[in-house]
Amino acid sequence: MKKYNFFAGPAILPQSVIEQASKAALSFGDMGLSILEISHRSKEFVAVLEEARSLAKELLGFGDDYETLFLQGGASSQFFMTPMNLLDEGETACYVDTGNWSNKAIKEVKHFGNVEVLASSKDEGYTYIPKGFDIPSDAKYLHLTSNNTIFGTQYHSFPDTDIPIVCDMSSDIFSRPIPTEKFAMIYAGAQKNMGPAGTTLVIIRKDLLGKVKREIPTMLDYNTHIKKDSSFNTPPVFPIYVSLLTMKWVKEQGGVAAMELINEEKAAVLYDEIDSNPLFVGTSRKEDRSLMNVPFVMAKGYEALEAEFLDICANEGIMGLKGYRTVGGFRASIYNAMPIEGIEKLVGLMKSFAVRKA
Ligand SMILES: *Cc1c(COP(=O)(O)O)cnc(C)c1O
């Protein structure tokens, strides 16, 4: 039976990417060696890395004043590398708290400078994106989380401000066009929408760097990696290669603008069902709903049916639908690589469940 991967991360990859990656694991190009065993200094891998670095910027439309890095340590390491590299002692960085991941980012800032949390949606269980908050003019940067993987909310527009925005795009990178001019830096762990676990994309405007007074350990200094073309030490060869394959796939789909249309259509099919099916209700505010992670729960009075529906889904090849452990209910992660057939399958099961139970 065809299985559909609705897990939040590590997550679904395009089937064609998995096939190409499998071939490369046996024999890469005409090297006669596996991609898993080649030198990161080989001309073949240097070409992969250079193409991945330039295609990431090309897909999103970042110009020459930005550098692309493929780092290790996950998006979580960016939580501390960002203030370590950009924020001096005594300076203030502003954050918006939209859930677990922004909270973890906020927690790291105090090691390096001051943090001001401008707004939070904690009061309503992170079911919305705060809007209309004031941004202090002396803020060093404003940190946002573009898509909240756990709570299923997403910024559909970004604040208008001259303060440079740093954005965690781990779970919606390459899913839509972004206003690049607003961003000083974006970062994304690969394993949601870009590739397998093991590398983190960082795109950063070069003029921001080298301004803080503290001494930064070599490996944690963005400039170290920029000066060595993202190969200061051994980069994660295979995750970068698979990320390149996925980016090429996005380009073949028509780029991020075409991806956005596809993602809007896919998400609408699922949200329409959630809104019309008497057994289920969505948990995030309509205007802030994520196109990537769709959380929903059993409607009032039907809570006892949750485990039964999860079982039906698993038996029908819908994998990974269980909600985040602290949230409960369901979460359908429908990243770029999820085909609409997967969503239609899920919606079909929701419909037939309602026929029997509502
Ligand atoms: C998954 C996730 C992270 C954490 O990524 P790691 O690579 O595991 O450190 C950070 N931010 C967001 C928005 C995520 O979805």
Side-chain angles (χ1 to χ4, degrees), residues 5-13 56 60 69-84 93 95-109 117 120-122 126-130 141-156 158 165-176 178 183 185-204 219-220 225 230 235-236 238-240 242-243 246 263 284 288-295 320 322-327 331-338:
N5 182 351
F6 284 87
F7 280 100
I12 186 168
L13 289 169
L60 295 170
L69 302 172
F70 286 94
L71 301 180
Q72 297 184 63
S76 300
S77 290
Q78 298 312 309
F79 297 164
F80 67 81
M81 273 179 79
T82 307
M84 184 183 250
Y95 280 63
V96 178
D97 169 26
T98 50
N100 292 26
W101 297 117
S102 18
N103 252 296
K104 288 188 172 171
I106 289 165
K107 188 166 165 266
E108 299 305 317
V109 185
V117 179
S120 169
S121 49
K122 192 173 183 182
Y126 294 117
T127 51
Y128 70 99
I129 296 288
Y141 63 85
L142 168 66
H143 181 282
L144 305 174
T145 310
S146 57
N147 182 71
N148 297 284
T149 325
I150 293 171
F151 297 98
T153 60
Q154 187 175 27
Y155 286 83
H156 295 299
F158 292 95
I165 299 179
V166 173
C167 195
D168 177 357
M169 297 193 177
S170 291
S171 51
D172 65 355
I173 188 86
F174 304 133
S175 69
R176 55 174 174 168
I178 53 168
F183 296 105
M185 172 181 153
I186 65 165
Y187 61 92
Q191 70 274 19
K192 310 282 167 49
N193 216 5
M194 186 176 88
T199 191
T200 304
L201 171 70
V202 173
I203 300 181
I204 187 163
M219 268 295 283
L220 303 181
H225 299 280
S230 205
F238 193 58
I240 292 172
V242 183
S243 297
T246 311
N263 286 326
S284 40
D288 300 324
R289 281 173 162 176
S290 167
L291 300 186
M292 298 279 103
N293 308 95
V294 180
K322 197 175 167 54
Y324 188 77
R325 52 194 146 72
T326 58
V327 180
R331 172 176 51 172
S333 294
I334 53 172
Y335 298 116
N336 283 350
M338 173 60 70

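Both ligands and their constituent atoms are indexed starting at 1 by order of listing. One-based numbering along the sequence shown.
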Going by the order shown, which atoms of ligand 1 are within less than 4.0 Å of some heavy atom of Gln191? 5 (O), 6 (P), 7 (O), 8 (O)
Apply the side-chain hydrogen bond (donor to acceptor under 3.5 Å, both in side chains) test between Ser120 and each candidate in Thr98, Asn103, Asp97; give the one that qualifies. Asp97
Applying salt bridge (charged side-chain N to carboxylate O under 4.0 Å, His left out), name anything that partners Arg331, two or more places apart in sequence or on another chain. none
Within reach of ligand 1, part of Lys104 (heavy-atom separation under 4.0 Å): neither
Going by the atom numbers of ligand 1, which of them fall below 4.0 Å from some non-hydrogen atom of Phe79? 10 (C)
Keeping the roles fixed (side chain from Gln154, backbone from Leu291), state whether a donor-acceptor pair exists under 3.5 Å. yes
Heavy-atom distance to atom 14 (C) of ligand 1: which of Met169, Lys192, Gln72, Gln78 wins? Lys192
Which residue and heavy atom of the protein sit nearest atom 15 (O) of ligand 1, plus the separation: Thr149 OG1, 2.4 Å
Taking the inter-plane angle between the rings of His143 and Phe79 on a 0 to 90° scale, is it parallel (under 30°), tilted (30 to 60°) or perpendicular (over 60°)? perpendicular
Asp288 meets the salt bridge (charged side-chain N to carboxylate O under 4.0 Å, His left out) criterion, sequence neighbours left out, with Lys131
Return the closest protein heavy atom for atom 9 (O) of ligand 1 as residue, atom name and distance. Ser76 OG, 2.6 Å
Please state which protein non-hydrogen atom is closest to atom 5 (O) of ligand 1 and give its distance, to 0.1 Å? Ala75 CB, 3.5 Å
Closest to atom 13 (C) of ligand 1 by heavy-atom distance, out of Asp168, Asn148, Thr199, is Asp168
Just by modelled atom types, is the Phe70 backbone N or O under 3.5 Å from a matching donor or acceptor in the His225 side chain? no
